[in-house]
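Treat the numbers as computed from the prediction; the structure is a model and nothing was measured.
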Amino acid sequence: EVQLVESGGGAVQAGGSLRLSCTFSGFTFDDYDIGWFREAPGTEREGVSCMRRPDSDAVYADSVKGRFTISKDISKKMIFLEMENLRPEDTATYYCAARFQGCSPYYVPLYLHGVRYWGKGTLVTVSS
């Protein structure tokens with residue numbers, strides 16, 4: 001059974017930082033692309049960053065490039081999203097996801113879709 005569990009959300013002021021974590025089970029990094037999405041109130045869920053097989057190359061949405069960094073811990077089966085210089089518009093529920101299409105630097109803008117597995121999400125609130 002595939003499971004993804006996020007943690008690390010919270011409330012910060014603009015310019016602050018947060019680190020999100022996602023622990024997964026039921027698959028390996030070799031099986032699926034894995035990454036982060038977010039959904040702000042009143043908007044559609046959007047892809048933020050992903051790691052594509054086989055080398056776990058990182059891909060980012062333009063809105064977070066230079067501020068967010070995705071990384072992984074293979075032994076712990078975890079991925080992370082280091083978020084710096086946060087803005088109020090980054091306020092959203094952030095979801096860890098696996099097995100989807102579109103994780104490529106050649107898709108501009110980044111369009112991740114067809115997600116098969118979702119976590120339950122963790123809320124990030126950035127105040128001005």
Side-chain angles (χ1 to χ4, degrees):
E1 180 186 6
V2 172
Q3 290 188 323
L4 303 105
V5 180
E6 305 93 338
S7 62
V12 295
Q13 291 190 328
S17 301
L18 279 175
R19 188 192 197 207
L20 305 183
S21 301
C22 172
T23 302
F24 63 89
S25 60
F27 65 96
T28 72
F29 282 108
D30 290 337
D31 293 328
Y32 306 132
D33 292 347
I34 188 167
W36 293 93
F37 290 66
R38 67 185 180 186
E39 184 174 341
T43 70
E44 292 188 358
R45 198 170 296 186
E46 62 175 359
V48 174
S49 180
C50 57
M51 304 185 83
R52 57 195 299 241
R53 295 169 295 150
D55 297 325
S56 295
D57 292 343
V59 185
Y60 299 94
D62 286 345
S63 59
V64 305
K65 279 181 182 176
R67 302 187 299 121
F68 290 11
T69 303
I70 190 171
S71 61
K72 66 180 182 180
D73 185 320
I74 296 174
S75 63
K76 295 182 179 179
K77 299 188 76 174
M78 296 182 71
I79 64 167
F80 308 95
L81 188 68
E82 191 76 41
M83 305 185 296
E84 300 177 332
N85 192 20
L86 282 160
R87 304 167 181 169
E89 53 264 38
D90 294 318
T91 295
T93 298
Y94 284 72
Y95 298 88
C96 182
R99 193 175 180 182
F100 46 79
Q101 287 77 50
C103 187
S104 169
Y106 302 110
Y107 294 131
V108 180
L110 182 65
Y111 176 51
L112 304 179
H113 57 283
V115 177
R116 177 66 177 88
Y117 302 112
W118 292 104
K120 293 185 177 181
T122 185
L123 179 63
V124 172
T125 303
V126 185
S127 59
S128 57

Test side-chain contact (heavy atoms from CB on, under 4.5 Å) applied to E82 and F68, step by step: CA-CA 5 Å; E82 191 76 41; F68 290 11; over 6 Å; no
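- A continuous path of Ile, Leu, Val, Met, Phe, Trp and Tyr side chains, each step under 4.5 Å between heavy atoms, connects L86 with W36, placing both in one hydrophobic cluster.
- R45 is listed as a side-chain neighbour of Y95, based on a closest heavy-atom distance under 4.5 Å.
- Side-chain rings of W118 and F37 approach one another, their centers coming within less than 6.0 Å.
- Counting heavy atoms of neighbouring residues, nucleotides and ligands inside a 6.0 Å radius, atom CD of Q13 does not exceed 12 of them.
- Here S25 contributes atom OG and Q3 contributes atom CD; the two are 4.5 Å apart, rounded to the nearest 0.5 Å.
- No side-chain heavy atom of V12 sits less than 4.5 Å from a side-chain heavy atom of T125.
- A salt bridge does not link R53 with D31: every distance from a Lys NZ or Arg NE/NH1/NH2 to an Asp or Glu carboxylate oxygen is 4.0 Å or more.
- For T91, the side-chain hydrogen bond (donor to acceptor under 3.5 Å, both in side chains) test picks out no residue, with sequence neighbours left out.
- F80 and V59 are not part of a single hydrophobic cluster, where members link through side-chain heavy atoms under 4.5 Å apart.
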Would S71 and I79 count as a side-chain contact (heavy atoms from CB on, under 4.5 Å) here? Give the steps. CA-CA 6 Å; S71 61; I79 64 167; over 6 Å; no
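- L112 places none of its side-chain heavy atoms less than 4.5 Å from the side chain of Y107.
- Residues P88 and S127 come closest through the heavy atom pair CG-C, 4.5 Å.
- Linking ILVMFWY residues whenever their side-chain heavy atoms come closer than 4.5 Å, directly or via other members, places M83 and M51 in the same cluster.
- Here the side chain of D73 pairs a donor or acceptor atom with the backbone of S75 at under 3.5 angstrom.
- A donor and an acceptor atom, one from each side chain of T23 and K76, are nowhere located under 3.5 Å apart.
- Between L110 and V48, the shortest heavy-atom distance links the atoms CD2-O, 4.0 Å.
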Passes side-chain contact (heavy atoms from CB on, under 4.5 Å), L20 versus T122? Steps please. CA-CA 8 Å; L20 305 183; T122 185; 4.0 Å; yes
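- A distance-only check finds no donor-acceptor pair linking the side chain of E1 to the backbone of G26 [under 3.5 Å].
- The pair R67-E84 does not meet the salt-bridge criterion, since no charged nitrogen lies less than 4.0 angstrom from a carboxylate oxygen.
- Between T69 atom OG1 and Y60 atom OH the span is 4.5 Å, to the nearest 0.5 Å.
- For the atom pair S56 OG and I74 CD1, the distance stands at 6.5 Å (nearest 0.5 Å).
- When every heavy atom of S49 is checked against every heavy atom of L81, the shortest pair comes out as CB-CD1, 4.3 Å.
- Between R52 and C103 the shortest heavy-atom distance is NE-O, 2.9 Å.
- Linking ILVMFWY side-chain heavy atoms closer than 4.5 Å, directly or via other members, places Y32 and L4 in a single hydrophobic cluster.
- Ring pair F100/Y111: centre-to-centre distance not below 6.0 Å.
- In summary, D62 and K65 engage in a salt bridge, as defined by a charged side-chain N under 4.0 Å from a carboxylate O.
- M78 and I34 are members of different hydrophobic clusters when ILVMFWY side chains are connected at heavy-atom separations under 4.5 Å.
- You'll find the side chain of R38 reaches within 4.5 Å of the side chain of E46, heavy atoms only.
- Nearest heavy-atom pair across G9 and V124 is CA-CG2, 4.2 Å.
- Ring pair F24/F29 is perpendicular by interplanar angle, where above 60° counts as perpendicular and below 30° as parallel.
- Looking only at distances, a side-chain donor or acceptor of K77 sits under 3.5 Å from a matching main-chain atom of F27.
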